[in-house]
Amino acid sequence: MTPLHVDNVSKTYRQGDRVVEALRGVTLDVARGQFVAIMGASGSGKSTLLHLTAGLTKAETGGVYINGQDLGKMNDAQLTRFRRDQIGLVFQSFNLIPTLSAEDNILLPVRLARKMTDADHRRVEELIDLLGIGPRRHHKPDALSGGEQQRVAIGRALINDPAVILADEPTGNLDSVNSRSVCELLRDLCRLHGKTIVMVTHEPSVAAYANDVAVIKDGKVVDSFSTESTPDQQSLAARYQSAIGPK
Ligand SMILES: Nc1ncnc2c1ncn2[C@@H]1O[C@H](COP(=O)(O)OP(=O)(O)OP(=O)(O)O)[C@@H](O)[C@H]1O
Ligand SMILES: [Mg+2]
């Protein structure tokens, strides 16, 4: 089963008499264990695509299928449950609960879903180890660095072992050292743990960690390529620039 199939989605926003065609027929297929970077300039439709994929907004035309399930056929309650179980969301701004420890933030989706099982206890131990936040597990978010906070947010996205992880500019609030470590973590989650990740970024240095890149311009995919064809950051940046063209 394909973890993610986005089929020809379109989305228009209307505000008063302003009409914005944010997405104009985008198709995206993501295989299991694939790490895809969505690149594009500000306003090109990247977040809109990610929000549609997460079922946070609905497409006017086309459909989103996660593990073969059509998000468009679900009602709000089904969608909320499906999102909790099958989609791991990571945002630029971490969105952690300030009053909960790192460990309790990771466990939040479990606590909302069910009584903690032994398997959940084992899983949180594995994740804390994988994320390298053992000594920090009892700290609240304000006592963690940005990189540690984003690791906790990634742990929270992983705790229910979702079909796909969707990350919107996950390194956008991080310095270069923390950004690199979060990118390495995402890459290892794919390479070593078979996770499927879609990440929005406009930074070639971040996109270089993915296996594949899809470039969006004015709500359309204008280029897609494997990062094997752009072995260094400069060649990836050059290909991206030529895809989005002059401003
Ligand atoms: N809720 C909304 N209401 C009206 N217009 C919106 C809304 N959300 C996004 N847009 C518009 O849709 C277009 C695409 O926005 P989107 O947020 O998807 O871009 P983006 O590629 O994520 O940009 P950025 O890199 O700045 O985050 C923009 O023109 C934006 O102004
Ligand atoms: Mg955005």
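Both counts, for ligands and for their atoms, begin at 1 and track the order of listing.
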Participant: Whether the side chain of Arg32 engages the backbone of Met1 through a donor-acceptor N/O pair (distance < 3.5 Å, no angle test) should be reported.
Facilitator: yes
Participant: Is there a path from Val206 to Ile165 through hydrophobic residues (I, L, V, M, F, W, Y) whose side chains come within less than 4.5 Å of each other?
Facilitator: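 Hydrophobic grouping puts Val206 with Ile165.
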Participant: Of the protein's non-hydrogen atoms, which lies at the shortest distance from atom 26 (O) of ligand 1, and what is that distance?
Facilitator: Ser42 OG, 2.6 Å
Participant: Out of all atoms in ligand 1, which are within 4.0 Å of some heavy atom of Glu169? Include the element for each.
Facilitator: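 Answer, ordered by atom number: 25 (O).
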Participant: Does some non-hydrogen atom of Gly40 fall short of 4.0 Å from ligand 1?
Facilitator: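 Gly40 does not count as a contact of ligand 1 under the 4.0 Å cut-off.
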Participant: Can you pull out the closest protein heavy atom to atom 23 (O) of ligand 1? Residue, atom name and distance to 0.1 Å, please.
Facilitator: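 For atom 23 (O) of ligand 1, the nearest protein heavy atom is Gly43 N, 2.8 Å.
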Participant: For atom 30 (C) of ligand 1, what is the closest protein heavy atom, and at what distance to 0.1 Å?
Facilitator: Val20 CG1, 4.7 Å
Participant: Could you check whether atom CG of Asp76 has more than 12 heavy atoms from other residues, nucleotides or ligands sitting under 6.0 Å from it?
Facilitator: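 Count not over threshold, so no.
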Participant: Keeping Ser93 on the side-chain end and Asn95 on the backbone end, is there a donor-acceptor pair under 3.5 Å?
Facilitator: no
Participant: Do me a favour and list the nearest non-hydrogen protein atom to atom 9 (C) of ligand 1 with residue, atom name and distance?
Facilitator: Tyr13 CE1, 3.3 Å
Participant: Identify, for atom 31 (O) of ligand 1, the protein heavy atom at the shortest distance, and state residue, atom and that distance.
Facilitator: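 Answer, as residue, atom name and distance: Arg18 NH2, 3.9 Å.
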Participant: For atom 14 (C) of ligand 1, is the nearest protein heavy atom under 4.0 Å away?
Facilitator: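 Yes.
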Participant: Closer than 3.5 angstrom, by distance alone: can the side chain of Asn8 be matched with the main-chain N or O of Thr27 as a donor-acceptor pair?
Facilitator: no
Participant: Are Asp120 and Lys115 ion-paired here, with the side-chain N under 4.0 Å from a carboxylate O?
Facilitator: no
Participant: For atom 25 (O) of ligand 1, grab the closest protein heavy atom and report residue, atom and distance to one decimal in Å.
Facilitator: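 Closest protein heavy atom to atom 25 (O) of ligand 1: Lys46 NZ, 2.7 Å.
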Participant: With a cut-off of 2.8 Å, does any N, O or S atom of Ser42 fall short of it relative to the Mg ion (ligand 2)?
Facilitator: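 Of the N, O and S atoms in Ser42, none lies under 2.8 Å from the Mg ion (ligand 2), which means no.
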Participant: Does Met39 belong to the same Ile/Leu/Val/Met/Phe/Trp/Tyr cluster as Leu50, with side-chain heavy atoms less than 4.5 Å apart forming each link?
Facilitator: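 No, no single cluster joins them.
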Participant: If you group Ile, Leu, Val, Met, Phe, Trp and Tyr by side-chain heavy-atom gaps below 4.5 Å, do Leu100 and Val90 land in one group?
Facilitator: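 Hydrophobic grouping puts Leu100 apart from Val90.
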Participant: For Gly45, take its heavy atoms, then give the atoms of ligand 1 lying under 4.0 Å from any of them.
Facilitator: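 Listed by number with element: 14 (C), 18 (O), 19 (O), 20 (P), 21 (O).
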Participant: Between Asp223 and Arg239, does a salt bridge (charged side-chain N to carboxylate O under 4.0 Å, His left out) hold up when you go through it step by step?
Facilitator: CA-CA 9 Å; Asp223 193 11; Arg239 177 134 184 192; 2.9 Å; yes
Participant: Would you please determine whether Arg14 falls within less than 4.0 Å of ligand 1 on a heavy-atom basis?
Facilitator: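 Judged by the 4.0 Å heavy-atom criterion, Arg14 does not count as contacting ligand 1.
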Participant: Using a strict cut-off of less than 4.0 Å between a Lys/Arg side-chain nitrogen and an Asp/Glu carboxylate oxygen, indicate whether Arg137 and Glu125 qualify as a salt bridge.
Facilitator: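 Yes.
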Participant: Taking only non-hydrogen atoms of Ala41, do any sit less than 4.0 angstrom from ligand 1?
Facilitator: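 True for this residue.
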Participant: May I ask you to check if ligand 1 and Ser47 share an N or O to N or O distance below 3.5 Å?
Facilitator: yes
Participant: Only heavy atoms of Thr48, strictly under 4.0 Å: list the atoms of ligand 1 that pass.
Facilitator: 14 (C), 15 (O), 16 (P), 18 (O)
